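The structure presented is a predicted model; accordingly, all values stated were derived computationally and were not measured.
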Amino acid sequence: MAGVMKLACLVLACMIVAGPMTANAALSCGTVNSNLGGCIGYLTQGAALTQGCCNGVTNLRNMARTAPDRQQACRCLQSAARAVGRGLNTDRAAGLPSACKVNIPYKISTSTNCNTVR
């Protein structure tokens, strides 16, 4: 439980730091993080994938309609991944859209160049 609280604090810190980066995009890191909150156990603790997690992934895909929104979502995901650090299962993160049967136009990875996301 303490690990989840630490993760929640890191996500909150990311939201505060990344907030100013949303000037050209309507999608905020707070929105990204809150939609993926149901995925934390799956991505960090090996828990089962839940419908709530997949609903959040689907919601994000539906909200990120423009290239600036998709680029911002990409940056927010990277920021959250860096905050979680070694606790994140990067293979599960990269495969999350596929596991939820959702198509997004970029790989979820800290090495993705978010500026090239269209």
* Asked: Looking only at the SG atoms, are Cys29 and Cys76 under 2.5 Å from each other?
  -> yes
Non-hydrogen atoms of [X] and [Y] that approach each other most closely:
{"X": "Ser109", "Y": "Gln78", "value": "O-NE2, 2.9 Å"}
{"X": "Thr50", "Y": "Gly38", "value": "OG1-O, 3.6 Å"}
{"X": "Leu27", "Y": "Gln72", "value": "O-CG, 3.1 Å"}
{"X": "Leu88", "Y": "Ala81", "value": "CD2-CB, 3.5 Å"}

*Might you work through the side-chain contact (heavy atoms from CB on, under 4.5 Å) test for Asn113 and Gln71, ending with a clear yes or no?*
CA-CA 9 Å; Asn113 181 349; Gln71 290 169 355; over 6 Å; no
Please walk me through it: do Cys53 and Cys100 pass disulfide bond (SG atoms under 2.5 Å apart)? CA-CA 8 Å; Cys53 171; Cys100 289; 4.6 Å; no
Rounding to 0.5 Å, atoms OG (Ser98) and CD1 (Ile104) come to a distance of 10.5 Å
Interatomic distance, CE@Met63 vs CZ@Arg61, rounded to 0.5 Å, equals 11.0 Å
side-chain contact (heavy atoms from CB on, under 4.5 Å), that's the test. Do Thr90 and Thr110 meet it? Break it down for me. CA-CA 9 Å; Thr90 56; Thr110 55; over 6 Å; no
From the list Ile40, Asn33, Val32, side chain to side chain contact (heavy atoms under 4.5 Å, CB included) with Leu36 holds only for Val32
Measuring only between side-chain heavy atoms, which start at C-beta, is Leu49 closer than 4.5 Å to Leu96? yes
- So do Thr31 and Asn59 actually touch side chain to side chain, heavy atoms under 4.5 Å? no
Counting distance only, does the side-chain N/O of [X] pair as donor-acceptor with the main-chain N or O of [Y] below 3.5 Å?
{"X": "Arg70", "Y": "Arg118", "result": "yes"}
{"X": "Arg92", "Y": "Tyr42", "result": "yes"}
{"X": "Thr112", "Y": "Ile108", "result": "no"}

